Asker: 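Sharing a structure with you now.
Everything numeric in this text was worked out from a predicted model, so none of it was measured.
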4 protein chains.
Amino acid sequence: MLSRSHPKPLRTGRPRSAAADEAILEATRASLVDLGWSKLTMGDVATRAGVAKTTLYRRWAGKNELVVDAVAVLFDELEMPDLGSLSADVQAVVLQFAALLERPETRTALMAVVAESTRDEALRTRIRDSIVDRQKRLVLQGRQRAQERGELPVEEDEEAASATADLIFDVIAGAVVHRALVSAEPIDADWARRFTALLLAGLEAAASS
Amino acid sequence: MLSRSHPKPLRTGRPRSAAADEAILEATRASLVDLGWSKLTMGDVATRAGVAKTTLYRRWAGKNELVVDAVAVLFDELEMPDLGSLSADVQAVVLQFAALLERPETRTALMAVVAESTRDEALRTRIRDSIVDRQKRLVLQGRQRAQERGELPVEEDEEAASATADLIFDVIAGAVVHRALVSAEPIDADWARRFTALLLAGLEAAASS
Amino acid sequence: MLSRSHPKPLRTGRPRSAAADEAILEATRASLVDLGWSKLTMGDVATRAGVAKTTLYRRWAGKNELVVDAVAVLFDELEMPDLGSLSADVQAVVLQFAALLERPETRTALMAVVAESTRDEALRTRIRDSIVDRQKRLVLQGRQRAQERGELPVEEDEEAASATADLIFDVIAGAVVHRALVSAEPIDADWARRFTALLLAGLEAAASS
Amino acid sequence: MLSRSHPKPLRTGRPRSAAADEAILEATRASLVDLGWSKLTMGDVATRAGVAKTTLYRRWAGKNELVVDAVAVLFDELEMPDLGSLSADVQAVVLQFAALLERPETRTALMAVVAESTRDEALRTRIRDSIVDRQKRLVLQGRQRAQERGELPVEEDEEAASATADLIFDVIAGAVVHRALVSAEPIDADWARRFTALLLAGLEAAASS
DNA sequence: ATATAATCGAGACGGTACGTCCAGTCTTCTT
DNA sequence: AAGAAGACTGGACGTACCGTCTCGATTATAT
């Protein structure tokens with residue numbers, strides 16, 4: 001979002017500390033781990049970051065926005081590996097995602113910002129842009145590889161393909177999150193295998209119909 | 001002061017008002033609708049219920065516990081209908097669940113208490129007991145009907161059957177919640193149809209393997 | 001106010017426990033010692049007395065009334081001794097009074113109820129009846145003895161005599177209380193001697209004028 | 001962070017509002033008049049002063065400290081006049097003091113904080129510094145004038161002189177307070193005359209002995 | 001004996017104020 | 001202009017007592 005068309009925005013005065021930004025996000029994650037979402041305070045984050053509260057508010061509108069930004073980057077580490085088969089790839093991603101949800105800073109924060117977003121359209125957009133939509137790439141990437149391997153047919157109807165991708169994304173992300181956070185049961189290799197089997201069999205059958 | 005085997009714990013003092021309990025839960029739901037989770041205050045609930053704040057704290061440890069109890073009852077209205085086929089039954093339940101998640105009092109509250117529960121074991125237990133586990137009945141009921149109709153084979157390995165039921169529950173609940181609250185896309189009859197097709201095909205294939 | 005014209009007030013039902021009254025007053029004094037006036041609570045007094053809060057309120061209108069009654073009895077122990085001279089008698093009473101004001105239950109309570117009484121006419125009356133006026137006897141008794149000994153002339157103008165007694169009472173009680181509680185300086189035999197000298201010299205000169 | 005001899009404690013951040021201080025003390029006195037000591041609440045004072053409750057607590061530890069400061073200034077208005085004779089001067093001060101004790105903000109507050117101080121050493125010190133000791137100046141001033149006029153001999157023993165001043169202060173302040181607040185009788189010119197006569201005669205006799 | 005009635009302990013009730021904490025803003029001086 | 005520091009308003013928190021009320025259980029007098 002950095003593409004300003006102005007060659008010089010005519011910035012005067014002391015420039016913002018670039019180091020502060022990362023220090024604040026890091027402090028936010030640390031505070032999340034220690035205190036959890038509801039106990040996290042802006043003052044605490046500022047203190048940990050060695051920064052004044054003013055500086056926080058100059059850069060983020062509030063607690064929600066700050067936490068979304070602090071947490072978003074964690075989801076970028078998810079990678080679709082290439083293990084030779086769609087099944088292996090999906091299982092691996094499921095386990096990666098589960099591992100991410102084990103970490104305390106994601107655990108609380110994800111649900112909390114989602115909860116907040118149900119009443120705040122701007123926040124919902126921010127979450128979708130920063131977190132959700134960016135992970136759909138995994139689904140698309142996995143499908144393309146499977147198609148290259150001949151495991152999946154190349155879909156021609158673009159719209160239907162997109163709808164299916166969305167559906168798969170909701171099923172994978174939803175099931176993993178629900179298992180991890182709501183049912184609060186462990187997600188191990190066995191569960192990943194069984195879940196993947198269910199998903200791929202369903203996909204295959206749906207595709208051949 | 002002769003200590004008989006005490007069939008009654010000898011309740012003394014003024015008994016708690018039974019009417020207050022229901023008034024409070026009702027007021028909590030109303031406040032949830034108007035203000036949402038994060039803006040809801042104990043004071044507001046007390047005022048709406050025509051009750052003193054102390055009465056709330058005498059019965060619930062805090063906001064989280066109160067909201068779980070207030071919302072739990074809403075989930076009991078979910079019903080597994082008998083529409084003649086497993087597919088139709090599942091689609092109907094998915095749409096019911098989606099409709100429930102449209103309601104503002106469930107929307108915010110559900111995710112918020114789940115988020116809180118990631119740091120609070122007691123709350124997690126309460127949620128599981130009051131909300132989650134009670135809805136697993138729907139899965140079991142659906143399966144039994146399908147087996148009676150001959151749509152699904154009768155599983156003999158009890159443990160495997162239970163694990164499969166859990167998996168299905170996580171997939172259904174997870175996908176619906178994720179679609180509704182995270183992806184924030186509408187859940188209509190078409191989505192329900194496509195999701196159900198995926199699920200049942202997966203189940204069938206998994207069963208015959 | 002005890003002059004009921006009814007020979008029998010026709011009291012039926014369970015009579016009030018006589019033991020409770022004394023237990024409550026005793027508990028009040030104990031609580032005063034431990035907690036002081038402002039921290040004393042009705043609930044605490046009830047617990048100490050092994051009595052329900054209801055029982056307190058059935059007998060006293062509130063904290064103020066209860067404390068006045070609990071403390072009043074302590075002032076009755078003041079005695080005007082007969083040591084052979086007015087000066088010795090006055091010094092002895094001053095020291096007795098000072099000793100009474102050293103005790104924690106009187107220290108706090110006396111000033112606190114006086115403070116309350118500045119806004120509460122009924123309480124002011126109760127204090128005057130229960131505590132203040134009853135101690136004026138000491139002044140009258142001392143004067144009479146001094147007159148019998150010939151140390152003081154017999155006053156003929158009754159009204160003037162009464163006004164003088166009031167003045168002396170205010171001077172003695174006021175000076176002792178002020179020294180003990182406001183100046184917070186010790187009242188020892190030397191102070192008592194010097195104060196008495198001042199007072200009696202003033203009296204004598206005033207009488208002979 | 002090198003600790004130099006710190007001529008300035010290096011005040012950083014927004015300075016405290018000086019205006020708020022006076023507004024709060026004024027509001028405290030107003031609240032005292034309307035509600036009296038025991039009904040006065042910090043919240044009410046804050047509202048009257050147009051200030052947040054936190055601002056009060058940032059500057060005063062509690063109700064007691066606040067009230068002492070609010071009331072202390074009232075006592076500074078007492079003045080020892082110069083009416084040509086010691087007797088006239090004393091009578092005038094007595095009447096001034098009595099008038100001060102008529103005012104509702106002093107009436108309740110004085111006794112209440114004295115009562116509290118019996119359990120709180122810090123408060124006792126604060127009262128002595130802010131109120132009591134500052135009024136001893138009146139005694140010293142009166143004595144000096146009387147000595148200049150030749151009404152009183154110049155005392156040589158400094159210690160004895162100081163003890164006498166303390167005694168006189170306790171007698172005057174004590175008698176006036178006791179008459180006004182405990183006996184709850186009016187202090188008029190006649191009472192002031194009789195009291196002054198008693199006091200000065202006693203003084204004279206004591207001095208000549 | 002059996003009402004009738006006031007008392008008792010216990011503890012929940014509607015309220016009010018407490019003192020604390022945090023959000024988000026504002027004001028000062030420093031960089 | 002941005003920064004650190006910290007005071008500011010405003011509002012919810014959860015607690016503590018207040019004085020009242022409802023209970024079931026006692027304990028008297030009056031029938």
Asker: Which whole-number value in Å describes the distance from Glu65(C) CD to dG19(F) P?
Answerer: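 From Glu65(C) CD to dG19(F) P: 9 Å.
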Asker: Would you kindly compare Lys39(B) and Gly13(C) by the position of their nearest DNA chain F nucleotide and give the one closer to the 5′ end?
Answerer: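 Nearer the 5' end of the strand: Lys39(B).
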Asker: Side chains of Trp37(C) and Arg119(D): closer than 4.5 Å at any heavy-atom pair?
Answerer: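 Trp37(C) vs Arg119(D): side chains apart.
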Asker: Under the side-chain hydrogen bond (donor to acceptor under 3.5 Å, both in side chains) test, which residues partner Asp120(A), sequence neighbours left out?
Answerer: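 For Asp120(A), no residue satisfies side-chain hydrogen bond (donor to acceptor under 3.5 Å, both in side chains) once neighbours in sequence are set aside.
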Asker: Once you round it to whole Å, what is the distance between C1' of dC18(F) and CH2 of Trp60(C)?
Answerer: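 Rounding to the nearest Å, CH2 of Trp60(C) and C1' of dC18(F) are 18 Å apart.
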Asker: Between the base of dT26(F) and the side chain of Arg14(C), is there a donor-acceptor distance below 3.5 Å?
Answerer: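 Yes, the side chain and the base share a sub-3.5 Å donor-acceptor pair.
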Asker: Just how far, in rounded Å, is P of dT7(E) from CZ of Arg16(C)?
Answerer: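 Taking CZ of Arg16(C) and P of dT7(E), I get 5 Å after rounding.
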Asker: Would a 4.5 Å heavy-atom cut-off, applied to side chains only, mark Arg16(D) and Arg58(D) as touching?
Answerer: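 Side chain of Arg16(D) against side chain of Arg58(D), heavy atoms only: contact under 4.5 Å found.
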Asker: Is it true that Arg59(A) and Glu22(A) make a salt bridge, defined as a side-chain N closer than 4.0 Å to a carboxylate O?
Answerer: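 Salt bridge flag = no for Glu22(A) with Arg59(A).
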Asker: Tell me: CZ of Arg58(B) to C1' of dA16(F), nearest whole Å?
Answerer: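 Taking atom C1' of dA16(F) as the reference, CZ of Arg58(B) is at 12 Å.
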Asker: Determine whether Leu56(A) and Val51(A) make a side-chain contact, defined as any pair of heavy atoms from C-beta on separated by less than 4.5 Å.
Answerer: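 Yes, side chains in contact.
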Asker: Strictly below 4.0 Å, N to O, side chains only: are Arg126(D) and Asp69(D) in salt-bridge contact?
Answerer: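 Result for this pair is yes, salt bridge flagged.
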Asker: Just the rounded figure in Å: distance from P of dT16(E) to CG of Leu35(D).
Answerer: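 Computing the Leu35(D):CG to dT16(E):P distance gives 14 Å.
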Asker: Between Thr55(B) and Ala52(C), which residue's closest nucleotide on DNA chain E lies nearer the 5′ terminus?
Answerer: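 Closest to the 5' end, via its nearest nucleotide, is Ala52(C).
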Asker: Can you check the Leu56(C) CG to dC17(F) P distance for me, whole Å?
Answerer: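 That distance rounds to 15 Å.
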Asker: List every contact pair, protein side and nucleotides 18-21 of chain E side both N or O, where the distance is under 3.5 Å.
Answerer:
residue	atom	partner	partner atom	Å
dC18(E)	OP1	Met42(D)	N	3.0
dC18(E)	OP2	Met42(D)	N	3.1
dC18(E)	OP2	Gly43(D)	N	3.3
dG19(E)	OP2	Tyr57(D)	OH	2.4
dG19(E)	O5'	Tyr57(D)	OH	3.4
dG19(E)	N7	Lys53(D)	NZ	2.9
dG19(E)	O6	Lys53(D)	NZ	3.0

Asker: Could you check how far CG of Leu66(A) sits from C1' of dG24(E), rounded to whole Å?
Answerer: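 So the two atoms are 14 Å apart, to the nearest Å.
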